[in-house]
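Note that ligands are numbered from 1 as they come in the structure, with each ligand's atoms numbered from 1 the same way. The analysis underlying the following values was restricted to heavy atoms, covering all of them including side chains, and did not include hydrogens, waters or symmetry mates.
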Amino acid sequence: MYANGKVALVTGAAQGIGRALVEVLLEKGAAIALVDLNPVAGLECKVSLDTQYGSHRTLFIQCDVTDEEQLKDAFKKTVEHFGRLDILVNNAGVNNEKDWEKTIQVNLISVIRGTYIGLEHMSKNNGGEGGTIINISSLAGLMPAAYQPVYSASKFGVIGFSRAIAAASHIGNYGVRINTLCPAFVDTPLLESIEKEEIMGEYYKYKDNIKGMMKSYGILDPSIIAEGLMNLIEDDGLNGAVMKITTSKGIHFEDFSTPYTPKV
Ligand SMILES: NC(=O)C1=CN([C@@H]2O[C@H](COP(=O)(O)OP(=O)(O)OC[C@H]3O[C@@H](n4cnc5c(N)ncnc54)[C@H](O)[C@@H]3O)[C@@H](O)[C@H]2O)C=CC1
Ligand SMILES: CC/C=C\C[C@H](O)/C=C/C=C\C=C\C=C\C(=O)[C@@H](O)C/C=C\CCC(=O)O
């Protein structure tokens, strides 16, 4: 799919990876619903983008993705404003091992719900014109992250669900491709979470271990994540794929044909 002239909804769009995804989609000619919990960052993001791309290209919608009615309303407002929906990026995510149920709510349950709402709007079985969905996981969804066990569980869940619903979409001829993106560490405010005991809980003591991993594995610029996203959007042959992005190997794909042996 070419993004030019298409309409995208991006959750967690106000900063970090979501902001980078939005900018590359705007460069490619898409119109975008910027969905985010944070009204200040969201509006600042909108104002900044307006000066570069024009105010007609984006719509900011404040929304807590864990609230079903707010999330459904965000999709409804998007279609009412732009007339269609072609691309969905379930990107919003948190790292919180203390309030781990919040992590599951944001990172997994909201991604599942967002995918289903997206399919309601885009599936050809539902009167839609088809489309594509990208769910943001992490390398922590492919390898056990000992210092973030619930975050890791949420990201493993995103991969499992996305691969399964992609198969369902294929079998059911929904006309919607669903793929997963798994970055390693990326230079965004999320990384600051490891410095907060109120966030990390019992795993706060491993702060320096995580910093050691970041030093060893490197930290990616959000722009390469946006590049990977565009690959997933533009390659119509991809459905059920799991893209990995690391400093060592760049953009590449998980091969599920060989069993995964954890290197803990
Ligand atoms: N930064 C990293 O090292 C990596 C991040 N990821 C994933 O990438 C995605 C984006 O993360 P970053 O940009 O790094 O984080 P970030 O913290 O910089 O941005 C996350 C955005 O999501 C929004 N958000 C949080 N909870 C929300 C909610 N309930 N409803 C609506 N919006 C909400 C925040 O307001 C913020 O704008 C997340 O799913 C994260 O797990 C994956 C791998 C690496
Ligand atoms: C603390 C910030 C919260 C979350 C950030 C992120 O979602 C968590 C990442 C957790 C672990 C990251 C591990 C990174 C590993 C690498 O970068 C690789 O170079 C080495 C490991 C395996 C790569 C396998 C492959 O590339 O096929």
Heavy atom of the protein closest to [atom] (residue, atom name, distance):
atom	answer
atom 41 (O) of ligand 1	Tyr151 OH, 2.7 Å
atom 24 (C) of ligand 2	Lys244 NZ, 4.1 Å
atom 22 (O) of ligand 1	Gly12 CA, 3.4 Å
atom 16 (P) of ligand 1	Gln15 NE2, 3.4 Å
atom 42 (C) of ligand 1	Ser137 O, 3.1 Å

For ligand 1, is any non-hydrogen atom under 4.0 Å from [X]'s backbone (N, CA, C, O), its side chain (CB onward), both, or neither?
X	result
Ser110	neither
Lys155	side chain
Ala140	neither

Has Tyr151 got any heavy atom lying under 4.0 angstrom from an atom of ligand 2?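 Right, Tyr151 reaches ligand 2.
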Using 30° and 60° as the class limits, which term best fits the ring planes of Tyr116 and Phe161: parallel, tilted or perpendicular?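 Ring orientation, 0 to 90° scale: perpendicular.
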So, regarding [X] and ligand 2 (criterion: nitrogen or oxygen to nitrogen or oxygen, under 3.5 Å), is there a contact or not?
X	answer
His252	yes
Ser138	yes
Tyr217	no

Please work out which of [options] has its closest non-hydrogen atom nearest to [atom].
atom	options	result
atom 25 (C) of ligand 1	Leu190, Val89, Leu34, Val94	Val94
atom 20 (C) of ligand 1	Cys63, Gly93, Ala74	Gly93
atom 44 (C) of ligand 1	Ala92, Ser138, Ala184	Ala184
atom 34 (C) of ligand 1	Leu191, Ile17, Asp36, Asn38	Asp36
atom 38 (C) of ligand 1	Thr188, Asn91, Asp64, Val186	Asn91

Under 4.0 Å, counting heavy atoms only: does Pro189 come that close to any atom of ligand 1?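 It does; at least one heavy atom falls under 4.0 Å.
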Can you tell me if Asn107 contacts ligand 1 (heavy atom of the residue under 4.0 Å from the ligand)?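 Asn107 does not count as a contact of ligand 1 under the 4.0 Å cut-off.
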Is [X] close to ligand 1, meaning an N/O of one under 3.5 Å from an N/O of the other?
X	value
Ala14	no
Thr66	no
Val35	no

Using a heavy-atom cut-off of under 4.0 Å, does the side chain or the backbone of Gln148 touch ligand 2, or both, or neither?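 For Gln148, only side-chain atoms sit under 4.0 Å from ligand 2.
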Does ligand 2 have a heavy atom under 4.0 Å from the side chain of Ala145, from its backbone, from both, or from neither?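 Neither part.
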Donor-acceptor check, side chain of Ser152 to backbone of Gly141, threshold 3.5 angstrom: yes or no?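 Not confirmed, Ser152 side chain does not pair with Gly141 backbone.
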